[in-house]
Amino acid sequence: MTKQPKVLGILDILLLILVPASLVWIIFFTPMEAVMGNVQKVFYYHVAAAWAGMLCFILAALAGAAYLHARRLQWDWLSLSAIEVGVVFSLCAIFSGMIWARPIWNTWWVWDPRLTTTTIMVLIYLAYFILRSGLTTPEVQARLGSVYAIIGVLTVPLTFFSIRLFRTIHPVVIATGSTGESAFNMSPRMLVALFISLSVFTLLMADLVWHRYRLAKLQSNNRKR
Amino acid sequence: MKPWTRYLYMIWLIVSKDIQVEWRGKQGVPVMLVFALLIVFLFNFALQLSPELQAGLAAGLLWVSLMFASTLGLNRSISLEVENKALDGLLLAPMDRSAIFFGKSLSNLFFTFMVALVLLPVFSLLYDQNMLHLNLLLVIFLGVSAFTSLGTLLAALSIQTRTRDVLLPVLLYPLALPILIASVEASRGILSGQSKFELQSWLFLLLAGNFLFYAAGILFYGTILEE
Amino acid sequence: MPANTTNEMLWGLIVILVILLIYTLSLYLRTLSAKSQQTKNQEK
Amino acid sequence: MTISCSSQITIQGLIKRYHFRPVLDQLSLTLDDSSFCLLIGANGAGKTTLLRILAGLARADEGEISIGANHNFSDHLLRLNLGYVGHEPMFYNDLTAVENLRHYAHLYLLTDAEEKINQTLHLTGLSQYQGQPLRTFSRGMQQRLSLARALIHNPSILLLDEPYTSLDPLAAKFLDNQLHGLQKPGRTILLAAHRPQRLLPIATHIAWLKAGKICQHLPIEQLAECPELNHYLQERV
């Protein structure tokens, strides 16, 4: 197994610096929200996690399409890695969203379109792993997994709009805007924080997917023997 | 025979074969119907639905029982083909693989729609609400069509796993959630007297779902079935 | 007067970091076991 | 509605992988027109995989297959000229024999469907069972009906995957003289056999599939010149 590529090592170290830096910036250098208080600061990481999760699932669908075209198993390893990391990021978004909603609406779960869509996406992609574990030959796993990954990502807009539409017809009791709404009237510092969080999470996503890809490659070679 | 008429003729062959097998074996629609009614009674006792409250839930209950019943139909339809590898027989036929997808999903749609047609009067009696609107039939047709096309596609996936058709609900329900939401909301709107104009957005969602899942079926059914 | 929700903020951020940490750890452990499996195969 | 094309099958560089292992590894084979070729090889050598790829039921990872002059192997109209008998009969248990055959007759766009159905039922000796549902059929009868299904559209290419498995001696005898009758100019037959001994008098060629490749492909007459193949056949009696 080839030694870990240099770039990946640099990326790891870079992230070890950037993540704490972004935390410091969010906690200390962004203004406190007038009504919600400090908890609003979770918003940056919450949106960044949801964004990275979404990016993963789109990457997984593209890798799946590439596998169906080229029939190289490398594409399937990438698709599998992207989905696994995508589920992890989506879980981050879900739990942070719940903790954020707690003080505002004193319920753990609020049927906010974004949060609900993310939860359904987690269900969709948990089914992806169940499907893969039910299949025996790697080639079939790759082919059916890729098809499912593509169908999965195609239904996300449908899911989001149906829930948003459902929300507007049955508004939640305290309609103070959903967790993401307040994102638009943001001061420059808040925008910088959001930008930092998004880019840190995108780098983190690339790093984790790359590591998971190498693990998938290793596991696949082990099975070959 | 021109290519188009041959394509439609093939689809018709598959649908008529499925109807013939169903007519002979009578294992499909009756089972789905009994299962749907069972679901309704279970929910009635489980949720202690009081009569006046039930009216609002009629649409939701109708669609949940339809969803579970059509899952039975989807599993039966695909295991019918896999039984003696009759699916290979269809793959051997001189037609594009998407014709098999169309044939199977239309036959699933036909059976589930039959069950829905029987369920409607029963629901009307149970919840003393006249549910025999033309608009409602249109919504049911669109919703069931989207659901069964996606279900046919995923059934071809789940049948290849070790646990065969056990996996279908796990794969199908999260993906079909928007269809369920749109169908229930549209049906509830119609039952509470809203005109089709007000339900435009739901109908558009159902159409989008239909278009998406039939397109996915045409694109991927061949890839799923080929070894 | 903004609500004092500093704890919730900390909890929110901690939850994300903990989930990511657990995942990175599991990734690391799985890579280790795969590597040991690989060396075992090579010896065979 | 049959496309007239010579039924020569040429296969070049065919690769198919299962569990990373190439079951078919750069396999090349040319079956000339009107030949009856026996495909022999150990279990798991890839006989079924090769036949399923030729029948269009499985997809090759790499390689070229062309039938007659037509290089576009994946053109679904080519299957009008192809008959395939696999391990499974490919029928619906609830339908009767004649209904199953009628389904396939329509699938193959036969204009004279009824006449062809009776003809093939008679050929395979199942006329008196035609009204019975398929689930009452014995393995041998299902196999015969499967052969009837493969012949109903008079294909110019016939692929038979170990048709003798689990047949009683009577049904096997019956299949022998049917295979005799199947040979005609313009029809190429490829039969995968586990114990090919009884088919040597009928076949024209023999192909040996080993380690993912065709290591021997020669007419039956020259069988004597290849001791290795002879030895293999003796073992397989």
Side-chain angles (χ1 to χ4, degrees), chain A residues 1 4 12 15 19-20 22-23 26-27 31-46 48-49 52 81 84-85 87-104 197 201 204 207-209 211-212 214-225, chain C:
Chain A
M1 184 62 193
Q4 178 169 334
D12 291 346
L15 281 168
V19 169
S22 67
L23 275 174
I26 286 173
I27 293 172
M32 178 157 37
E33 216 273 348
V35 172
M36 290 190 242
N38 276 336
V39 79
Q40 188 273 340
K41 297 191 178 188
V42 170
F43 157 78
Y44 306 109
Y45 263 29
H46 167 72
S81 317
E84 189 170 294
V85 172
V87 166
V88 170
F89 277 125
S90 302
L91 286 176
C92 293
I94 293 166
F95 285 114
S96 56
M98 285 163 69
I99 290 179
W100 180 356
R102 184 80 184 90
I104 300 163
S197 310
F201 266 71
L204 191 58
D207 183 68
L208 289 177
V209 169
H211 277 294
R212 182 62 182 83
R214 287 166 51 75
L215 172 62
K217 185 173 183 176
L218 193 56
Q219 285 168 339
S220 179
N221 291 345
N222 290 347
R223 239 178 320 164
K224 252 186 211 170
R225 294 231 168 16
Chain C
M1 225 290 280
N4 176 3
T5 52
T6 319
N7 299 359
E8 276 76 11
M9 173 190 80
L10 292 177
W11 273 116
L13 294 175
I14 288 168
V15 154
I16 292 182
L17 294 176
V18 163
I19 291 175
L20 289 175
L21 205 66
I22 293 170
Y23 179 66
T24 334
L25 210 63
S26 87
L27 207 54
Y28 180 68
L29 291 176
R30 286 185 288 175
T31 313
L32 278 188
S33 73
K35 278 213 172 82
S36 67
Q37 174 74 19
Q38 185 191 29
T39 45
K40 222 183 319 165
N41 286 354
Q42 262 149 11
E43 277 140 27
K44 251 198 281 202

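This structure is a prediction, so every number in the text was calculated from the model and none was measured. Chain A is the first sequence line, chain B the second, and so forth, proteins listed ahead of strands; every chain is numbered from 1. Atom set for the values below is all heavy atoms of this structure, side chains included, hydrogens, waters and symmetry mates excluded.
The two residues C:Met9 and A:Ile27 come nearest to each other via the heavy atoms CE-CG2, 4.0 Å. The nearest pair of heavy atoms linking A:Leu218 to C:Gln38 is CD1-OE1, 3.5 Å. Between C:Gly12 and A:Ser96, the shortest heavy-atom contact is O-CB, 4.3 Å.
Residues that satisfy the side-chain hydrogen bond (donor to acceptor under 3.5 Å, both in side chains) test with A:Ser22, not counting sequence neighbours, are A:Tyr45. In this structure A:Asp12 satisfies the side-chain hydrogen bond (donor to acceptor under 3.5 Å, both in side chains) test together with A:Gln4, A:His211, sequence neighbours excluded.
The CG atom of C:Leu20 sits 5.5 Å away from atom CZ of A:Phe89, with the distance rounded to the nearest 0.5 Å. Taken from CZ in A:Arg214 to NZ in C:Lys35, the straight-line distance is 6.0 Å, to the nearest 0.5 Å. Note that CD1 of C:Ile14 and CG of A:Leu23 are 10.0 Å apart. Values are rounded to the nearest 0.5 Å. Put simply, CG on A:Asn222 and NZ on C:Lys40 are 9.5 Å apart, with the number rounded to the nearest 0.5 Å. Atom CZ of A:Arg212 and atom OG1 of C:Thr24 lie 13.5 Å apart (nearest 0.5 Å).
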Passes side-chain contact (heavy atoms from CB on, under 4.5 Å), C:Leu17 versus A:Val19? Steps please. CA-CA 10 Å; C:Leu17 294 176; A:Val19 169; 4.3 Å; yes
Begin with the C-alpha distance, continue with both residues' side-chain angles, and end with the deciding distance and a verdict on side-chain contact (heavy atoms from CB on, under 4.5 Å) for C:Ile16 and A:Phe201. CA-CA 11 Å; C:Ile16 292 182; A:Phe201 266 71; 3.9 Å; yes
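Annotation: maximal heavy-atom pairing with chain A below 4.5 Å, among C:Val15, C:Leu27, C:Thr31, C:Leu10, occurs at C:Leu27.
Side-chain contact check for C:Tyr23 versus A:Val85: some heavy-atom pair is nearer than 4.5 Å.
Contact annotation for C:Ile22: neither backbone nor side-chain heavy atoms come within less than 4.5 Å of a heavy atom of chain A.
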